[in-house]
Each structure stands twice: as structure tokens, then as C-alpha cells.
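Heavy-atom basis, side chains included; hydrogens, waters and symmetry copies ignored. The sequence lines fix the lettering, A, B, ..., with proteins before strands; numbering per chain opens at 1.
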Amino acid sequence: MDIPKTYDPKQAEQNHYERWEREGFFAPEINRDPRAPIFSIVIPPPNVTGSLHMGHALQHTMMDVLTRYKRMCGYRTLWLPGMDHAGISTQMVVTRELKKEGLSRQDIGREKFVERVWQWKQESGGQISKQMRREGASVDWSREKFTMDPDLNRAVREVFVRLYDDGMIYRGNRIVNWCPNDQTVLSDLEVEKVSQNGKLYYLRYPLKSGKGHVTVATTRPETMLGDTAVAVNPNDERYRTLVGETLLLPLTTREIPVIADEFVEPEFGTGAVKVTPAHDANDYEMGLRHSLPQVLVIDSQAKMTEAAGEEFAGLDRYKARTKVVEKFEELGLLEKVVDYEFAISKCERCKTVIEPLISTQWFMAMDKLRDRALESLQQDKSPQFVPEVPYEKVYSNWLENLRDWTISRQLWWGHQIPAWYTADGTVVVARSEEEARQKAGTNELTQDPDVLDTWFSSQLWPFSTLGWPEDTKDLATFYPTSVLMTARDIIFLWVSRMVMMGLKFMDQAPFADVFVTGTILDAHGQRMSKTKMNGVDPLEVFDKYGVDATRLKLASVGSTDIRWSEKQVESYRNFANKIWNAARFCLLNSESATINPQTLNVDSESPLHDRWIVSRLNRVAREVRKALTGYEFHEAVQTLYHFFWDDFCDWYIELTKGDITAEEATTGRVQARTRLLTVLEQALCLLHPFMPYITEELWQKLPGVNGELLHPAYKGAALSIMLAAYPEGQSELIDENAEWEMQAVIDLITRVRNIRSEMNIKPGERVTLLIGSPDEKLRAVFMANTAQISRLARAAEVSINEKLEAPRASARAVLIGGAEVAVPLAGLIDFGQERQRLSKEKEKLSAESAKLAAQLANPQFTERAPAEKVEEVRARIAEIAQRNAQLNQTIANLG
RNA sequence: GGGCGGUUAGCUCAGUGGUAGAGCAUCUCGUUUACACCGAGAGGGUCGGGGGUUCGAAACCCUCACCGCCCACCA
């Protein structure tokens, strides 16, 4: 067999995915067991405009690890892929394309524009699904969904109609966040607060009575043109007499009242606030409380309206600001201007400053939905957040303060609102135009031109993708899903809304658990972003180090933020190479052997290293299963890494090498080779969910791979490690005794190696080992393993006795269980150096002993600490004392 | 303004009440036929500062400092 010395990830990555997909391994139907437990995940649908970034790769890796793991455990698994139509982003992309042709979307009209978007989606959209194949994501492509698919559109309309009928969706004229650049309304969540250095202007409004003025402070002087009152706190002594007075609003002919409202903070500014109900959310509320008129002075283009007065009409809001300030100054009404830092609202997408204005939009009332979600959390702990702290609280706090959601958008790309208007303006909400006509009793209808917020369709994702509102088999089987894997920035936008919709329409939260991943920052601890150009492209990392190595790194990220470090990927690349070469060794020495699970049924007659590796294998399988059940990915990766590298490669292969490479083809050789191959096969299975490509590549090369290795649920399927049974981790195969005995052997070998290294003994030099052990059992262990010990400690001779008798010119070490080893070094030993080496060890022991003795001397400790702890300390002190005595003797013997 | 997270070896991070860990980096040795993307051995931390609880704290509580994130209707 010809196997290259270095693992080439690219080859393995090209070899298997297509076959897995073609054979239908990703689809739940591959599982033939009608009673198989269910495991399902829906992917957080990436934007159709998006391309793969580290955040995706991170989530996808974790989802795939779980999916592959559960599949190997015999679950009927579904990981459902798909994409989001991403209203604004996509519309912007296509608009930009049109612009290159010198066209605007208005030029071609709505219908043509939407066609263009679909065309764009066909040609350039969904890059990400190709990239997901590279990741090895075991998603069921046959069930792929897009939020604009006709069936999902149907779900959207159904939900809209039902919520409207329940009075939970309504149309209203309210203050909203308007983006003057994107020309659409936005929800509160699509607006970001940005701290800004600005000015606070103090403006004087004269009293109509002529008895002076009131000074108000504002960051937006231009809005004064729309003022309809000035408010003060009712308890503010300074203004008590002014409440009810009338002010002359400068630059206008309006007279406005002074009102009293609790909202006003007397400490801030002058304690008097100008009230602009049409252009400020707080003022809007105040206006409602006091029935103030709303004067719209800024339009959707962020330009001043006619209502702002002749002088200002048509001016941009910032030009108007300058002009207002100038006028006030001319009139002697500008008291002062001070520097002031405050938070300003910007459009999350285009960073344009939001203009709050009054507009007719569609809203969703959230209170009932919210209450139900909170109830579900409090009573049923559903969903379960991982990690629970802090996300459960973040989620519930947000819900508690939730306000109505603006769901309409002035875009063309998206789900058009299923509402129609008759000639007289009556609103008809229906599932289709036909239904609307019936309801309205007329054919003269105009559909509302607006579309729904992208998140309106995303929030239905866990059930709309499974066929809702039809009562499909998939819906019954896979809803609710097992877990949602997500980044924390969409807990509000998406997670909470899915819960509310799931409870409302399915009577069950859409997922049992919510795992919130950490964020991958750049090397300097900054968020990766397109604008900063500091993003790391996962595909480049795949090319450089391989998909499996990258996945291993990502899987170990967990829930905390980490800085990207390529070094770690490199070390996992090395790990992949290690796996490759370990397998290479096994395969190069596999003649006349095949995998045979029977050989792992070791008994007390079996060689120590075999009993040991079987015990380790089962222990590790249990640990990995436990870690994955608790979403402790890092723990699972570390456990597997050390099992494979340390236990399997560094010790097991080395211990068994003598038998494996024996010249003669004895049954012992066949048995050793069989066992080695079988352990390797099990190790590959353990690793497969994390490293799908290399494990499949190697598994397919193993002699004796057959259908028996597959999980019973996949009997008869084509062979793949994907469908192999995940190692059980049987507790009865964990052999504490074997692990302790092996530890004694490892300790002995390590001590001798240490002596060799410190005494500068050449690697080629064979030494003699004199071992003394008063414990008969331990002597038997060393005796039974002399071949391994000589091989790994490079000894020519091993002599084991009850009492150590060694020449003076020996280097010595004290071992586990009161044993000792001596390496005679006649002519080689430097007594001074040896004394120093032993003294160093003694010092270490003394320091530890002193600490423990002090602890034991403390009556508080012996009285209050658990008895077993105290006993542990006593035992350890005794052990140290024994070692110390031996060391003293040894040093004395040196003369 | 409120809430939360981080601070552990030179670097990147695990560890959440009982003797401080990993990977990388460092030092020494190595042509042992799976692997130098390797092997063997070694060095390196009073776990951000201070206080408290406890027989015992990196871990629990308080407090301070620095870094970061989220939420928020003081114009």
C-alpha cells in the first residue's frame, strides 16, 4: 500500500462530500429504524447576499458536530439548510447593479425589479451554500428553503391574517424610525445608538405676556419649528407659576403653552423642554398625554416642509439647523451653545442619521406574545439557554421591556403585505387577492405596496420550513427542534421572535435549547468587519490548513469571545497529520489482519497495554459523550486530542510495536495487529463528528470495514464512517486496575528517560535497569512488561527484585508504589551532578510535605474538613516521607 | 444611566471550593524504519490590586483598576 507521509487535506476534501450527498446520508430517511429518536436543527438562514465568514464557519461546525454525532448514535437527524431573502441588503445590491447600467429601480418599475432580484439570486446569490459544502456540513439539501419560497410566503400570509384577526397586527399612524437614505421605516432593533460630540443649544422663547422668556436646551434646534409646547416638571418650583402661560414661538406665528409633565428632569439643561411631537419619540408620547397638535416640519427626504415656514421649506435638516441658530442669534434669543456628547440614532445598515417622524405603518402588538414567552421561560424553563448566565436574563429583560414592532417596510423586495384597500379606503386583510375580493365584495382593490420586515418571515423559520400551515409529516416529526445555535447579536431580532411565534402557532417553543456561540475577534481583540477589513476568510484557512483542522479549532471556541490565532489551527493541522501517520503505520503493518470488534473484549489474561487502551477508549468515549451532551465542545476536543496523541500514539502504538513489527507471522502478531486496527477504527469514529474528511478517508482504507460497523439503524446502507456506530463507552470496560498498573509502567519509563537525559546518556547507549519493589503485585507488573520497558527506556537488561541492590555508581529514582529504579553508570556518572539531581527532587517533595504538614497540624482542618480529605493528606505525607527516606538513602550511598 | 463579561505561563486560551493545566513559543538531546507537521527531557505562573467568607479560594462575596460587550425616552 502506498500512503504519502504527509496528509493532504485537499484530496480527502474532494473525495467524500459529493458521495455522502448523493447517497442520501444527510437526509433523515437514511435511518431505517422507525422508532429512532429524533434530532433536528434548522440553520440560522444566512443572508442570500452573504458569503461565508468566521461566524458562519463557527456555528456550522458546532451544528455539524452535533448532527454527525447524533446520527452516529442512531438518531433520525435533520439539519435543515436555507437562506434568508434579506430585504434591504438584497434590494441594495440589485439597485447598485442597476445603477451601473444607469438605471434606477423606479425606471424599470416594481415588477421588473423583483424579477431582476430573482435573476440575481439565481446567478450570484447563495454563494454560501456552495461554501457550506466545503465545510463538510451534513445538511439535508433536499429540504433546502429560502424565505421567499412560495410555501414560506404562504405561511407568512397565514400568520399575518391570523394575527390581524386576533387584533395583534394593526395599522396606525405613529412616530417611527425613518431612514432618509433607504427611504423606509425601521424597527427599533435596526437602529443603533452612536455616541457623538455635538452641541447643546439654549434657546429663548418669549412669554406672550411680555414678562420675559423661558429658555429651553436642545440638540436639534431645527425641530423648534415644529414645537407645540414647552414642558416643565410639575414639581419644579422655578416654573410653577409659568405652567399654563403662553409662549410666542420664535420664527413662527405660533403660540404654544407651557405644560407640566413628569417626564421632564429638572436637573437637566434649564429644566424646560421644547416639545416637538412630530419629530421626537418622547415628545410624541408627551403630545398624546396633553393632546398637543403634531406639526410635521421635516419630510421623508429629511428636508423641511412647507409647515416649517417659507424661509425654511425645502432646506436640508442640517442647513435648516444652521439657519435657525443664526436667526435666534440675530433676534438675541440664543442664550448659549455648549459642547455636548450624546447618543444619536443611526440606520444600522447605511449609518444615516435616523429621522423620527409620524407615519402610517403596520405594527405588531407584542404584549400577549411576550407574556406567553415569559411564562414559558418561567414555568417550563423553555427554551433552555446555554450558557444560561447571562443569556436567560438578557432575553427575559428584553422581553419585559418590549414595545410594539413596526413590521412594514417601504421596499419592493420582500413579502408584500396581504392587505388591500377599497376605493373608499377600507382595509381588507386576506390570504389572497381572491379572498380579499370576496371579503370586500368588490374587485376594485389595491394591495398595500409595502413589504414586511425580513424578520417577519425569519421568525416562522422553525415551522414554515417544515411545511406549516399544512399538517405535514416533517412538521410532526421534527418540530420542535432540538437546539438552536446562534450568535448573540440576534437573540432579540430572531430568537425571541421565533419563540413567540412558535408558542402562538405551534403551542410549543421551537427549540429545546439555545446555544449561544462566542465571537471570533481579530488578533487585536477587535470585531471582524467588512469596513475594518480585518476579517479572516475561512476559505483561505481551509486552503492553508485543511477543513478538519479549522473545524477542530472552531469547535473548541465555545461561548466566550476569543482572538483569532492561526497558530492553533496549525497545531490542529499537525494533529491531523499525526492521525494520518498513526493510521499509516497501522496500515503498513496490517498484512493478514482486519478490524475485529471482538478483540476489544479483553480479559484479565490480555496484555496490560491492551487492557489499558480498551479502558482508556471506553473512558474517553464516555467523556466525549458527556461533554457533547452538555455542549462542552472544548472539553470534547481536548479529551480526543490527548487520547489520540498521548494514549494511542505515544504509548499504545509504542508498547505494541514490538508485536506488530515482529518478523514472524505468528498468531500473536495477527492478534496485535487486529487489535491495533480495531482501536484505530474506534478512535476514528470518536473523531469523525469533528474531523469528517480525514476520518472518512482513513476509515475507507481500513481492512475489514463492513456493514457490521454501521449503527443498526443504517443496516444495508453504503459504507461510510458517517453511519458507523458511535463508540458506546461501556463502564464495565473501564478497568481502574489496568490504568493504575499502566501508570506505574509509564512512570518507570519516564523516570529512566529523565535519568538518561539529565545524565547525558547517548540515545544509542543501552543501560541496565535495576528495579526494587517491596510490592509483589507491582513486581509482577514490571516482570510482565520487561519487553516494553526495555524497548521504551532503551535498556539492555531489566532486573526486578524485592529489594534494590545497586552499585554505588548508579543514578536512581523513586517510583509510584514505593518502588525504586537504579541505572548503573560505572564510569559515566558524575556524582556531583547526580547528587544535585536528587536534591532537586527532594526539595520539591519537602516543599509539598511542609505545606501538607502545616495543614494537618491545623486542628480546624482535621475537625472540619471531610474525613476522606484528611485521610488523603495523611496518605500523601506518608508517601512523601517514604520517598524522602529512599532519596536520603540513595544520596548517602553516593558517598 | 443600567446590566453583563473578561483580566490565569512570553502568546492564545482551558480550569469554577481541596497539591495550578493545554497548545504554541523557549532551552537541552535525538538519522529509535508511522510522523521533524516528529520523538525524549527540561524550564516558566504568589491565577489584575485590595478586603472578606471558609479548615482550605484562581474559583464564592465586597471593592477598586483596566479592557470589552449589550441595553437605555435627560431634551
Exercise for review: Quote, to the nearest angstrom, the C1' distance that separates B/rG45 from B/rG52.
Suggested key: 25 Å
Exercise for review: State whether the distance check finds a donor on one side and an acceptor on the other, under 3.5 Å, for side chain A/Arg573 versus base B/rC37.
Suggested key: yes
Check your understanding: Rounded to whole angstroms, how far apart are CG on A/Leu493 and C1' on B/rC71?
Key -> 13 Å
Review point. Hey, does the Lys NZ or Arg CZ of A/Lys553 hover above the aromatic six-ring of A/Tyr572, less than 6.0 Å from the centre and inside 45° of the axis?
Key: no
Point to revise | Spacing of A/Arg563 atom CZ relative to B/rG5 atom P, expressed in whole Å | key: 19 Å
**Study point:** Nucleotide forming a Watson-Crick or wobble pair with B/rC73, both distances under 3.5 Å
**Key:** none
Check your understanding: Any idea which of B/rU32, B/rG39, B/rC74 is nearest the A/Arg794 side chain?
Key -> B/rU32
**Study point:** Complementary nucleotide for B/rC13 - Watson-Crick or wobble, under 3.5 Å
**Key:** B/rG21
Check your understanding: Is the cationic atom of A/Lys657 (NZ for Lys, CZ for Arg) positioned less than 6.0 Å from the six-membered ring centroid of A/Phe585 and within 45 degrees of its normal?
Key -> yes
Check your understanding: Do the side chain of A/Glu654 and the base of B/rA40 come within less than 3.5 angstrom through a donor-acceptor pair of N or O atoms?
Key -> no
Point to revise | Atom pair distance, as rounded to whole Å: CD1 in A/Ile491 and P in B/rC4 | key: 15 Å
Practice item. Give the minimum heavy-atom separation between A/Ile749 and A/Ala793, together with the two atoms involved. Key: CG2-N, 4.4 Å
Exercise for review: Tell me what A/Thr6 touches on the nucleic acid: a base, only sugar-phosphate, or nothing, going by heavy atoms under 4.0 Å.
Suggested key: base
Check your understanding: So what does A/Pro859 touch, heavy atoms closer than 4.0 Å: a base, only the sugar-phosphate, or nothing?
Key -> nothing
Check your understanding: Looking at the side chain of A/Thr560, which of B/rA34, B/rA40, B/rA14 is the nearest nucleotide?
Key -> B/rA14
Check your understanding: What's the closest nucleotide to the A/Cys649 side chain, out of B/rA34, B/rG23, B/rA75?
Key -> B/rA34
Exercise for review: Could you pull out the closest heavy-atom pair between A/Ser556 and A/His634, with the gap in Å?
Suggested key: O-CD2, 3.3 Å
Exercise for review: For nucleotides B/rU54 and B/rC66, find the distance between their P atoms and express it as a whole number of Å.
Suggested key: 32 Å
Practice item. Report the residue from A/Trp398, A/Tyr391, A/Tyr395 that forms a ring pair (Phe, Tyr, Trp, His ring centres under 6.0 Å) with A/Phe492. Key: A/Trp398
Exercise for review: If B/rG30 has a Watson-Crick or G-U wobble mate with both distances under 3.5 Å, name it; if not, just say none.
Suggested key: B/rC38
Study note, to complete from the structure: Of B/rC71, B/rC37, B/rA22, the nucleotide closest to the side chain of A/His642 is B/rA22
Exercise for review: Please measure how far the P atom in B/rC37 lies from the corresponding atom in B/rA25, and state the result in whole Å.
Suggested key: 11 Å
Exercise for review: Considering just the side-chain nitrogens and oxygens of A/Trp398, establish if one lies under 4.0 Å of OP1 or OP2 belonging to B/rG2.
Suggested key: no
Check your understanding: Using a cut-off of less than 4.0 Å, is there contact between a side-chain N or O of A/Asn581 and OP1 or OP2 of B/rC37?
Key -> no
Check your understanding: What distance, rounded to whole Å, do you find between the two P atoms, one in B/rC71 and one in B/rA57?
Key -> 39 Å
Check your understanding: Using a cut-off of 4.0 Å on non-hydrogen atoms, how would the nucleic acid contact of A/Thr750 be classed: base, sugar-phosphate, or nothing?
Key -> sugar-phosphate
Review point. Is the A/Phe328-A/Tyr202 ring centre distance short of 6.0 angstrom?
Key: no
Check your understanding: For A/Thr215 and A/Ala272, which heavy atoms make the closest approach, and how far apart are they?
Key -> O-CB, 3.6 Å
Practice item. State whether A/Arg876 places a side-chain N or O below 4.0 Å from either non-bridging phosphate oxygen (OP1 or OP2) of B/rU19. Key: no
Practice item. Measure from the side-chain heavy atoms of A/Lys393 and tell me the nearest of B/rG3, B/rA75, B/rA42. Key: B/rG3
Check your understanding: What does A/Gln638 touch in the nucleic acid at a heavy-atom separation under 4.0 angstrom: a base, only the sugar-phosphate, or nothing?
Key -> sugar-phosphate
Check your understanding: Rounding to a whole Å, what distance do you find between A/Glu388:CD and B/rC4:P?
Key -> 15 Å
Point to revise | Under-4.0 Å side-chain N/O to phosphate OP1/OP2 contact, A/Asn754 with B/rA42 | key: yes
Practice item. Any strand is fair game: report the nucleotide pairing with B/rG48 by Watson-Crick or G-U wobble, both distances under 3.5 Å, or none. Key: B/rC64
Point to revise | Given B/rA34, B/rG23, B/rG30, the nucleotide with the shortest approach to the side chain of A/Pro763 | key: B/rG30
Exercise for review: Would you classify A/Asn401 as touching base, sugar-phosphate or nothing, given that sugar-phosphate means primed atoms plus P, OP1 and OP2, and contacts are heavy atoms under 4.0 Å?
Suggested key: nothing
Exercise for review: Can you figure out which of B/rU19, B/rA34, B/rG41 approaches the side chain of A/Arg753 most closely?
Suggested key: B/rG41
Check your understanding: Which listed nucleotide (B/rC73, B/rG23, B/rA14) is nearest to the side chain of A/Arg403?
Key -> B/rC73
Study note, to complete from the structure: Smallest heavy-atom separation, A/Trp564 atom then A/Ile520 atom, equals CE3-CG2, 3.8 Å
**Study point:** Nucleotide paired to B/rG43 in any strand shown, Watson-Crick or G-U, under 3.5 Å
**Key:** none
Exercise for review: State whether A/Lys657 places a side-chain N or O below 4.0 Å from either non-bridging phosphate oxygen (OP1 or OP2) of B/rA34.
Suggested key: yes
Exercise for review: With heavy atoms under 4.0 Å as the rule, sort A/Ala281 into base, sugar-phosphate or nothing.
Suggested key: nothing
Point to revise | Interatomic distance, A/Asn577 CG vs B/rA34 P [rounded to whole Å] | key: 14 Å
Review point. Expressed in whole Å, how much space separates the C1' atoms belonging to B/rG56 and B/rG5?
Key: 28 Å
Check your understanding: Hey, does A/Phe492 reach any base, or is it just sugar-phosphate, or nothing, if we go heavy atoms under 4.0 Å?
Key -> sugar-phosphate
**Study point:** B/rG6 to B/rG15 separation - P atoms, rounded to the nearest Å
**Key:** 10 Å
Point to revise | Contact summary for A/Val353 and A/Arg317, nearest pair of heavy atoms | key: O-NH2, 2.9 Å
Exercise for review: Please confirm whether any donor atom in the side chain of A/Lys578 sits under 3.5 Å from an acceptor in the base of B/rC35, or the reverse.
Suggested key: yes
Study note, to complete from the structure: Rounded to whole Å, OH of A/Tyr652 lies from P of B/rA34 at a distance of 16 Å
Review point. Taking the same atom, C1', in B/rU28 and in B/rG44, what whole-Å distance lies between them?
Key: 15 Å
Exercise for review: Tell me which of A/Ser556 and A/Phe575 sits closer to the 5' end of RNA chain B, going by the nucleotide each one is nearest to.
Suggested key: A/Ser556
Point to revise | Rounded distance in Å between the P positions of B/rA22 and B/rU32 | key: 27 Å
Exercise for review: Please report the shortest heavy-atom distance between A/Val264 and A/Pro266, naming the atom on each side.
Suggested key: O-CD, 3.4 Å
Exercise for review: Counting heavy atoms from C-beta on, name the nucleotide in B/rG23, B/rC73, B/rC74 closest to the side chain of A/Glu265.
Suggested key: B/rC74
**Study point:** Candidate nucleotides B/rA34, B/rC35, B/rC38, ranked by approach to the side chain of A/Lys5 - the nearest
**Key:** B/rC35
Practice item. Return the 5'-most residue of the pair A/Asp561, A/Val273 with respect to RNA chain B, ranking by each residue's nearest nucleotide. Key: A/Asp561
**Study point:** Separation of B/rC13 C1' from A/Lys567 NZ (nearest whole Å)
**Key:** 16 Å
Review point. With respect to the phosphate group of B/rA75, does any side-chain polar atom (N or O) of A/Tyr201 fall under 4.0 Å of OP1 or OP2?
Key: no
Practice item. Report which part of the nucleic acid A/Gln855 touches: base, sugar-phosphate, or nothing (heavy-atom distance under 4.0 Å, all strands). Key: base
Exercise for review: Could you check how far CD of A/Gln860 sits from P of B/rG17, rounded to whole Å?
Suggested key: 23 Å
Review point. Should A/Thr270 be listed as having a side-chain N or O under 4.0 Å from OP1 or OP2 of B/rA75?
Key: no
